[in-house]
Amino acid sequence: MKRQLLALTAFMCIGGGQISAKDYTVASPNGQNVVTVNDGLTIRVSHAGQEIVSVNAGLLSQRDGSSVTSLISQKNRPSVISEHIVAPFYRQKEFTVAYSQLDLKLSGGFGLQVRAYDEGVAYRFYTTNKRETIITDETADFCFPEDSKAWLAYSTNDEKPFAMAFQNYYDETLLSEAKDKYAFLPATIESGGVKVTILESDLRAYPGMFLVKKDSSSFTLHSSFPRYPKKMGYYPWRGMSYVEETEDYIAKSTGARTYPWRVMAITEQDTEMPVNNLVYALATPNLIGATDWICPGKVAWDWWNDWNLKGVDFKAGINTPTYQYYIDFAAKNGIPYVVLDEGWYDSSKGDIMHPIEDIDLQGLIDYGRQKGVGIVLWTVFNVLDEHLQEACEQYKAMGIKGWKIDFMDRNDQTAVQMAERLAKTCAQYHLFVDYHGFYAPTGMSRTYPNILNYEGVFGMEEARWAKKETDMPKYDVTFPFIRGMAGQVDFTPGAMRNGTKENWVECYQNPVSMGTRCHQLACYIIHDSPFTMLCDAPTNYEREQPCVDIITAIPDTFDETKILLGKIGLYIVTARRNGSDWYIGGQTNWDERDVELSLDILRPGETYQATIVTDGINANHNAEDYRIDHQTLTRNDKLNLKMASGGGFVIKLIKE
């Protein structure tokens with residue numbers, strides 16, 4: 001059927017029908033980033049006087065047979081706006097951003113906002129229409145002036161590229177050599193001596209963006225979006241829903257609304273990337289009110305270690321004695337949560353309202369309460385959604401603290417709406433959530449701060465089925481710069497079985513991490529993660545008590561975050577402040593590395609007691625080798641640290 005399209009990508013001047021050459025320009029507060037928008041809605045971005053990317057932008061809207069294509073006027077005169085943002089459970093508890101904004105009036109009740117920050121630029125469409133709007137497609141062609149290096153994470157499902165868990169390593173490639181596959185966000189491209197990272201923010205009731213190389217002759221990444229679901233199917237083994245058939249459009253809505261921000265973060269140094277705050281800053285502010293009931297913390301996790309207890313007098317598995325053991329371990333070590341992952345209810349039936357017979361759930365919740373340990377329950381997204389009110393009411397009354405929600409594996413409009421609906425309803429019952437099988441954050445944890453964490457990362461679970469050639473240490477020092485820019489990450493670290501590049505082995509039931517013990521410990525500092533798993537078995541941790549003490553001594557939230565050293569794909573050194581104390585974590589790829597660390601982040605005239613955990617002298621042969629030293633340090637000191645292959649370090653600096 002022939003579609004009627006409202007195309008916000010071309011211009012016809014009102015009255016005379018002549019082509020206008022009018023440009024509209026806005027500059028960041030420091031003047032370094034300049035954005036120029038022309039009548040054809042080409043958005044050109046320059047940094048320090050050099051064009052680094054241009055975007056051919058537009059919406060296609062199916063509407064009533066009418067078609068008007070014109071850019072009418074500029075609605076405002078750009079001025080610098082400063083915003084102070086309170087950010088609970090984020091990488092820093094507050095920060096300030098400044099920007100200049102351009103607001104353009106388009107025909108048909110549409111508009112375009114463009115913002116220029118010192119940290120990058122962003123644009124979004126909006127509509128003031130009161131009637132239904134159906135978006136057939138959106139165009140966002142990111143055009144780079146030359147063949148540039150790119151870091152792209154491709155869909156892992158070639159047949160249905162929009163249906164997957166958003167977990168893959170980065171293909172480091174030239175744009176001309178990029179694969180003809182859909183890449184999910186974020187994506188980073190080197191251009192004009194800076195890095196441009198493409199992200200999205202304030203994704204609400206709209207599908208997420210993918211990128212694909214437009215053609216072999218251009219250095220352009222073309223946007224693509226999952227279509228609006230028309231018919232859903234169910235996988236029987238988890239009651240998990242999937243899109244079986246789609247409409248010929250990507251989104252529909254009624255009334256005035258804004259569309260997601262298209263973000264281009266601009267960084268001159270790699271160390272600026274993990275602390276770029278644009279995604280969080282551009283999102284809708286808190287919609288749930290008070291957050292004092294939300295308690296971040298670490299969590300003992302069962303699934304990665306395959307319930308693999310040893311030396312106990314009961315059969316370990318998904319049963320009450322096993323989880324009592326996990327609760328005892330958590331209580332002994334000041335770990336506030338235990339999660340019951342898949343298996344506590346019969347997932348093959350989607351029977352979330354009834355625990356299996358081997359689980360005395362109320363007894364476990366009560367036992368945990370006596371010990372000061374909260375219970376978090378795993379579920380599938382649509383299964384919880386289909387029982388949302390009754391499940392939240394029943395399990396909140398029983399005493400759970402939150403949900404680990406898994407297997408969304410898509411980001412079409414209805415999936416995004418489901419994620420927001422779950423977060424909103426859970427907040428009403430004072431339940432926090434951890435999203436797994438989920439796309440990278442788009443600022444929703446600012447809107448709903450009870451979303452403590454997101455997966456969307458090639459995390460520790462991959463070690464259970466990875467192949468020897470998988471380069472996880474390289475990924476570990478790549479994703480904090482790219483995926484980490486988007487927000488929290490549930491990487492699920494903490495392995496006590498660790499392998500070198502030569503002796504790592506694949507083992508599903510007793511998994512081994514790639515890299516050293518210190519590489520694992522450093523995750524608890526390097527990752528933005530207010531709800532962090534301890535992935536290994538309690539009985540493994542009990543034989544490694546010094547490591548447990550190091551992990552549990554690291555706070556879950558911080559006042560300030562800095563990247564002291566780092567280069568994407570090579571190494572990273574992250575420092576986080578909690579009150580007067582600092583915590584520093586470092587990681588390297590498979591290359592051994594020496595770093596000299598200045599301590600000028602410390603306050604002048606103050607002394608700090610330092611605990612320094614480094615790779616042991618034999619860590620290149622036995623990845624579990626580490627050593628602990630204690631020193632008294634000031635800001636005038638420097639540390640020379642050696643990281644083994646796949647290694648790392650942790651430094652705890654406590655002010656006297």
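Just so you know, these numbers use all the heavy atoms, side chains as well, and skip hydrogens, waters and symmetry mates. Just so it is clear, the model here is predicted, and its values are computed rather than measured.
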**OP:** Taking the side chain as every heavy atom from C-beta outward, state whether Asn411 and Phe225 have any pair of such atoms under 4.5 Å apart.
**Re:** no
Subject >> From CG (Leu203) to CE (Met444), nearest 0.5 Å >> reply: 8.0 Å
Original post:
Counting only N and O atoms by type, is there a donor-acceptor contact under 3.5 Å from the side chain of Asn157 to the main-chain atoms of Ala163?
Top reply: yes
Subject >> Aromatic ring pairing Phe95/Tyr90, orientation class (parallel under 30°, perpendicular over 60°, tilted between) >> reply: tilted
Subject >> Ser253 versus Arg257, closest heavy-atom pair with distance >> reply: OG-CD, 3.2 Å
**OP:** With Phe381 as reference, evaluate Phe438, Tyr439, Phe407, Tyr242 under the ring pair (Phe, Tyr, Trp, His ring centres under 6.0 Å) test and give the passing residue.
**Re:** Phe438
Original post:
So do the side chains of Leu361 and Trp344 get within less than 4.5 Å of each other, counting heavy atoms only?
Top reply: yes
Original post:
Is it true that atom NZ of Lys396 has more than 12 heavy atoms of other residues, nucleotides or ligands lying nearer than 6.0 Å?
Top reply: yes
Subject >> Result of checking Tyr524, Phe491, Tyr435, Phe432 against Phe531 for ring pair (Phe, Tyr, Trp, His ring centres under 6.0 Å) >> reply: Phe432
**OP:** Answer yes or no for Arg464 and Trp303: cation-pi contact, defined as NZ/CZ to six-membered ring centre under 6.0 Å and angle to ring axis within 45°.
**Re:** yes
Subject >> Nearest-0.5 Å distance that lies between atom OH in Tyr448 and atom CG in Leu452 >> reply: 15.5 Å
Original post:
Which heavy atom of Met240 sits nearest a heavy atom of Asp409, and at what distance?
Top reply: CE-OD2, 3.4 Å
**OP:** Calculate, to the nearest 0.5 Å, the distance between atoms CZ and CG belonging to Arg483 and Leu185 respectively.
**Re:** 11.5 Å
Original post:
Should Glu560 and Lys562 count as an ion pair when the cut-off is N to O under 4.0 Å?
Top reply: yes
**OP:** Of all the heavy-atom pairs spanning Val338 and Ala330, show the shortest one and how long it is.
**Re:** CG2-CB, 3.9 Å
Subject >> Heavy atoms of other groups near Lys298 NZ, more than 12 under 6.0 Å >> reply: yes
Original post:
Should Glu83 and Arg446 be marked as a salt bridge (Lys or Arg N to Asp or Glu O under 4.0 Å) after you check the CA-CA gap, both sets of side-chain angles, and the distance that decides it?
Top reply: CA-CA 14 Å; Glu83 184 179 4; Arg446 182 183 182 192; 3.2 Å; yes
Original post:
For Tyr323 and Ile359, what are the C-alpha separation, side-chain angles and deciding distance, and is it a side chain to side chain contact (heavy atoms under 4.5 Å, CB included)?
Top reply: CA-CA 9 Å; Tyr323 285 115; Ile359 294 289; 3.7 Å; yes
**OP:** Assess whether ring pair (Phe, Tyr, Trp, His ring centres under 6.0 Å) is satisfied between Phe479 and His527, documenting all intermediate values.
**Re:** CA-CA 10 Å; Phe479 85 80; His527 301 163; 5.2 Å; yes
Original post:
Nearest heavy-atom pair of Gly484 and Asp528: which atoms, and what distance?
Top reply: O-OD2, 3.9 Å
Original post:
If we only count heavy atoms from C-beta on, is the Tyr583 to Pro555 side-chain gap below 4.5 Å?
Top reply: yes
Subject >> Reported CD1-to-CD1 distance for the pair Ile375 and Ile365, which is rounded to 0.5 angstrom >> reply: 6.5 Å
Original post:
Do the two ring centres, one from Tyr475 and one from Phe458, sit under 6.0 Å apart?
Top reply: yes
Subject >> Among Leu340, Leu377, Val383, side chain to side chain contact (heavy atoms under 4.5 Å, CB included) partner for Tyr345 >> reply: Val383
Original post:
Any side-chain heavy-atom pair from Pro260 and Ser201 closer than 4.5 angstrom?
Top reply: no
Original post:
For the side chain of Thr539 and the backbone of Lys310, is there at least one donor-acceptor N/O pair under 3.5 Å apart?
Top reply: yes
Original post:
Does the distance from a Lys or Arg side-chain N to an Asp or Glu carboxylate O, for Arg497 and Asp536, drop under 4.0 Å?
Top reply: no
**OP:** Determine whether Tyr325 and Ile327 make a side-chain contact, defined as any pair of heavy atoms from C-beta on separated by less than 4.5 Å.
**Re:** no
Original post:
Just by modelled atom types, is the His519 backbone N or O under 3.5 Å from a matching donor or acceptor in the Thr516 side chain?
Top reply: yes
Original post:
Should Lys652 and Asp581 count as side-chain neighbours, where that means a heavy-atom distance under 4.5 Å?
Top reply: no
Original post:
Any ion pair linking Asp341 and Lys404 (charged N to carboxylate O, less than 4.0 Å)?
Top reply: yes
Subject >> Listed once per pair and sorted, the side-chain hydrogen bond (donor to acceptor under 3.5 Å, both in side chains) pairs that draw on residues 366-377, sequence neighbours left out >> reply: Asp328-Tyr367, Asp328-Lys371, Gln362-Asp366, Asp366-Arg369
**OP:** Write down the atom of Thr379, the atom of Ile352, and the distance for their closest heavy-atom approach.
**Re:** OG1-CD1, 3.2 Å
**OP:** Evaluate the side chain to side chain contact (heavy atoms under 4.5 Å, CB included) criterion for residues Ser529 and Asn453: first the C-alpha distance (whole Å), next the side-chain angles of each, then the deciding distance (0.1 Å), finally the verdict.
**Re:** CA-CA 6 Å; Ser529 187; Asn453 224 337; 2.9 Å; yes
**OP:** Please assess Trp403 against Asp434 for the test side chain to side chain donor-acceptor pair (under 3.5 Å), listing each intermediate value before the final yes or no.
**Re:** CA-CA 6 Å; Trp403 297 100; Asp434 173 23; over 6 Å; no
Subject >> Gly208 versus Glu200, closest heavy-atom pair with distance >> reply: CA-OE2, 3.5 Å
**OP:** Using a cut-off of 6.0 Å, state whether more than 12 heavy atoms not belonging to Glu357 lie near its atom CD.
**Re:** no
**OP:** Please answer whether the main-chain N or O of Pro229 pairs with a side-chain N or O of Thr246 as donor and acceptor at a distance below 3.5 Å.
**Re:** no
Subject >> Asp412 (side chain) donor-acceptor with Tyr228 (main chain) under 3.5 angstrom >> reply: no
Original post:
What's the spacing between Thr532 OG1 and Ile554 CD1 if we round to 0.5 Å?
Top reply: 9.5 Å
Subject >> Cation-pi, Phe558 ring and Arg576 (6.0 angstrom, 45 degrees) >> reply: yes
**OP:** Please answer whether the main-chain N or O of Thr322 pairs with a side-chain N or O of Asn319 as donor and acceptor at a distance below 3.5 Å.
**Re:** yes
Original post:
Under 4.5 Å between any side-chain heavy atoms of Gln520 and Gln587, yes or no?
Top reply: no
Original post:
Nearest 0.5 Å, what's the CD-OH distance between Gln545 and Tyr541?
Top reply: 11.5 Å
Original post:
So His436 and Trp301, would you call those rings parallel, tilted or perpendicular, with 30° and 60° as cut-offs?
Top reply: tilted
Subject >> Charged N-O contact under 4.0 Å between Lys93 and Asp559 >> reply: yes
Original post:
Taking atom types as modelled, is there a side-chain donor on Glu386 or Asn382 under 3.5 Å from an acceptor on the other?
Top reply: yes
**OP:** Could you tell me whether a side-chain N or O of Arg91 sits under 3.5 Å from a main-chain N or O of Asn276, the two making a donor and an acceptor?
**Re:** yes
**OP:** Using a strict cut-off of less than 4.0 Å between a Lys/Arg side-chain nitrogen and an Asp/Glu carboxylate oxygen, indicate whether Lys160 and Glu245 qualify as a salt bridge.
**Re:** no
**OP:** Flag the pair Arg238 and Glu342 as a salt bridge only when some basic side-chain nitrogen lies within less than 4.0 angstrom of an acidic carboxylate oxygen.
**Re:** yes
Subject >> side chain to side chain donor-acceptor pair (under 3.5 Å) assessment of Asn333 paired with Thr552 >> reply: CA-CA 7 Å; Asn333 291 284; Thr552 56; 5.6 Å; no
Original post:
Strictly by modelled atom types, are Asp202 and Trp261 linked by a side-chain donor-acceptor pair under 3.5 Å?
Top reply: no
Original post:
Counting only N and O atoms by type, is there a donor-acceptor contact under 3.5 Å from the side chain of Glu624 to the main-chain atoms of Asn498?
Top reply: yes
**OP:** Would you mind reporting whether Met485 and Pro274 have side-chain heavy atoms less than 4.5 Å apart?
**Re:** no
